Novice: 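Below you will find the structure I want to go over with you.
In the text below, chain A, chain B and the rest are named by the order of the sequence lines, each starting its count at 1. Remember, predicted model here, so these are calculated numbers, not experimental data.
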Amino acid sequence: MNLFEEYITKKRMRLFTGNREILMPSYIPERLPHREKEVSRLGEILAPSLEGVKPSNVFIYGKTGTGKTAVVKYVLRDLERVTTVHNLNVRSIYLNCETVDTHYSVLQNIGNFFMKKWDERIPFTGWPMEKVYETVKDKLNDFGGIFIVVLDEIDKLITKSGDDVLYHLLNLNDELTKARVSLIGISNNIQVTQMLDARVKSRLSQERILFPPYNASQLKDILMDRVRLANAEDVFSEEVIGLCAALAAQEHGDARRAIDLLRISLEMAEREGAVRVLPRHVYEASSQIELSCVAEAIRTLPIQQKLVLLSILLNSEMGKINQTTGEVYATYSKIAKMVGMQPVTQRRVTDFISELDSLGLISASLKSFGRYGRTKVINPAIPVDEAKEVITEDPFLEDMKNIKLPKQTVLH
DNA sequence: TGTCCACTGGAAGGGAGGGCTT
DNA sequence: AAGCCCTCCCTTCCAGTGGACA
């Protein structure tokens, strides 16, 4: 049977044939339940732009899945509709600092927003900063209106590149003759603002909006709305929707998680050929989300970090609990040589350990053993066998699949 | 109370890689 | 082709540290 014929037959058998995009967290509906206050607050802040006045800069913070990005995109979409109809000179750009995380790339993206011809574009590297800055200024002056720059996950930008970028962006207005730039910073980590220079900090957060987590009943409303919008009431019972909401509420009220649960439990039910989504599909979806997040995090790790993680897993497999940095480094050096790689220094490995810790793949905490030194105490935070399997998918590390450590490498 | 261990983590800088300018 | 610039990944150097032990 033709591969795609099969797909078409399957599609006919699908439980839900409506628009699946509605069941994605990235979909912005026409109504955002329980975020009316935040929407109107941001709307009020940005409204002066319609009269050609620069709106205040805004700093938005709240945990993941509390609707920060959705509200900002929602408000900017409305703003764009109005400015298009009334032909007003207001534009905005959305940048996610997960990927746009350097001084250069932020300015490059802003500059390229106004570039109509491909060959005029600022390359992703190569130009002196000064030239990029001047080009951005020229382009903004040519545009001559109000330009709103949204920096989502701004904490990533600050931790990686410091506050230089923000300093430059905030100073841009002093050097612009016609245009005006406003900043909207979005962060799920309030701590980062402590790292900012006091002047940058006060100018960035002329206005602040805090997004509280959703509770279970609010999440349920959000899911109900989506289900109605997708015309999928006959697929999801109220019980199932409530369960998705309850599970996500346990995770600090994460709407993104709740919507993912809804969609993936639907996929689970379809795969099984069920007529409706059942609570057990939701539980299955929940554990699948957890596992696939871990697997994805591991897959995207650079090879050296994979080796460090593998060392920790192997040590743990040997029954070693509470590993020290020194022990991890010893194992790492051995297996790096085994796969024909030059081991990096211990200093570098301590950075890798911190990164693995912040990704939640391991737990590492600083502990002092008195005269026996001070080190990090490290344990895997994920299932060892599954994690090993994902790591050894890497063509470089295939040979490590069945490796067992000789005892003396961990026991001193 | 001072010493000392086994690191931690900041700072500075090297060099490779990608790209532009002259 | 040579000279720059920027980012990324890494090394080298080193001051700093919590707490057991003498």
Novice: Roughly, in whole Å, what's the span from CG in A:Asn322 to P in B:dC7?
Specialist: 14 Å
Novice: Could you give the CD1-to-P distance, from A:Ile122 to B:dT21, as a whole number of Å?
Specialist: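 So the two atoms are 11 Å apart, to the nearest Å.
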Novice: Parallel, tilted or perpendicular for A:Phe147 and A:Phe143, by the 30°/60° rule?
Specialist: perpendicular
Novice: Give the rounded distance in Å between these two atoms: CZ of A:Arg371 and P of B:dC7.
Specialist: 16 Å
Novice: Angle between ring planes, A:Tyr133 versus A:His168, binned at 30° and 60°: parallel, tilted or perpendicular?
Specialist: perpendicular
Novice: Determine whether A:Leu151 and A:Ile184 make a side-chain contact, defined as any pair of heavy atoms from C-beta on separated by less than 4.5 Å.
Specialist: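 Side chain of A:Leu151 against side chain of A:Ile184, heavy atoms only: no contact under 4.5 Å found.
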Novice: How long is the line joining CD of A:Gln108 and P of C:dC5, in whole Å?
Specialist: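 One finds 19 Å between P of C:dC5 and CD of A:Gln108, rounded.
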Novice: Taking the six-membered ring of A:Tyr27 as reference, does the cationic atom of A:Arg20 (NZ for Lys, CZ for Arg) lie under 6.0 Å from its centre and within 45° of its axis?
Specialist: no
Novice: Quick one: does A:Leu79's side chain get under 4.5 Å of A:Ile148's, heavy atoms only?
Specialist: yes
Novice: In degrees, rounded to 10°, what is the bend between the two ends of the helix from B:dT1-C:dA22 to B:dT22-C:dA1, using five pairs at each?
Specialist: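 What I find for the helix from B:dT1-C:dA22 to B:dT22-C:dA1 is an axis angle of 30°.
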Novice: Using a 6.0 Å distance limit plus a 45 degree cone around the ring axis, check whether A:Lys63 lies over the aromatic ring of A:Phe211.
Specialist: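 That pair does not qualify as a cation-pi contact.
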Novice: Produce the list of close N/O pairs, under 3.5 Å, pairing protein atoms with atoms of nucleotides 7-14 of chain C; give distances to one decimal.
Specialist:
{"residue": "C:dT7", "atom": "OP1", "partner": "A:Tyr104", "partner atom": "N", "Å": "3.3"}
{"residue": "C:dC8", "atom": "OP1", "partner": "A:Lys160", "partner atom": "NZ", "Å": "3.2"}
{"residue": "C:dC8", "atom": "OP2", "partner": "A:Lys160", "partner atom": "NZ", "Å": "2.9"}
{"residue": "C:dC10", "atom": "OP2", "partner": "A:Arg348", "partner atom": "NE", "Å": "3.2"}
{"residue": "C:dC10", "atom": "OP2", "partner": "A:Arg348", "partner atom": "NH2", "Å": "3.2"}
{"residue": "C:dT11", "atom": "OP1", "partner": "A:Thr345", "partner atom": "N", "Å": "3.1"}
{"residue": "C:dT11", "atom": "OP2", "partner": "A:Thr345", "partner atom": "N", "Å": "2.8"}
{"residue": "C:dT11", "atom": "OP2", "partner": "A:Thr345", "partner atom": "OG1", "Å": "2.7"}

Novice: Output yes when A:Glu80 and A:Arg91 qualify as a salt bridge under the 4.0 Å nitrogen-oxygen rule, no when they do not.
Specialist: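 No, this pair does not count.
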Novice: Apply salt bridge (Lys or Arg N to Asp or Glu O under 4.0 Å) to A:Glu175 and list each qualifying residue two or more places apart in sequence or on a separate chain.
Specialist: A:Lys137
Novice: Just to confirm, is there a sub-4.0 Å distance from OP1 or OP2 of C:dC6 to any side-chain nitrogen or oxygen of A:Lys131?
Specialist: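 So the side-chain polar atoms of A:Lys131 never come under 4.0 Å of the phosphate oxygens OP1 or OP2 of C:dC6.
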Novice: Which is true for A:Lys376 with a 4.0 Å heavy-atom rule: it touches a base, it touches only sugar-phosphate, or it touches nothing?
Specialist: sugar-phosphate
Novice: Over how many whole Å does the gap from A:Phe369 atom CZ to B:dC7 atom P extend?
Specialist: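 Value for this atom pair: 10 Å.
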Novice: Can you see if the side chain of A:Ser368 gets near the phosphate of C:dA20 - specifically, an N or O under 4.0 Å from OP1 or OP2?
Specialist: no
Novice: Atom CG of A:Leu107 to atom P of B:dC20: distance rounded to whole Å?
Specialist: 17 Å
Novice: For residues A:Asp394 and A:Met400, determine if any side-chain heavy atom of one lies less than 4.5 Å from a side-chain heavy atom of the other.
Specialist: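 They are not in contact (no side-chain heavy atoms under 4.5 Å apart), so the answer is no.
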Novice: Can you tell me the distance, in whole Å, between the CH2 atom of A:Trp127 and the P atom of C:dC6?
Specialist: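 Rounded to the whole Å, the gap is 13 Å.
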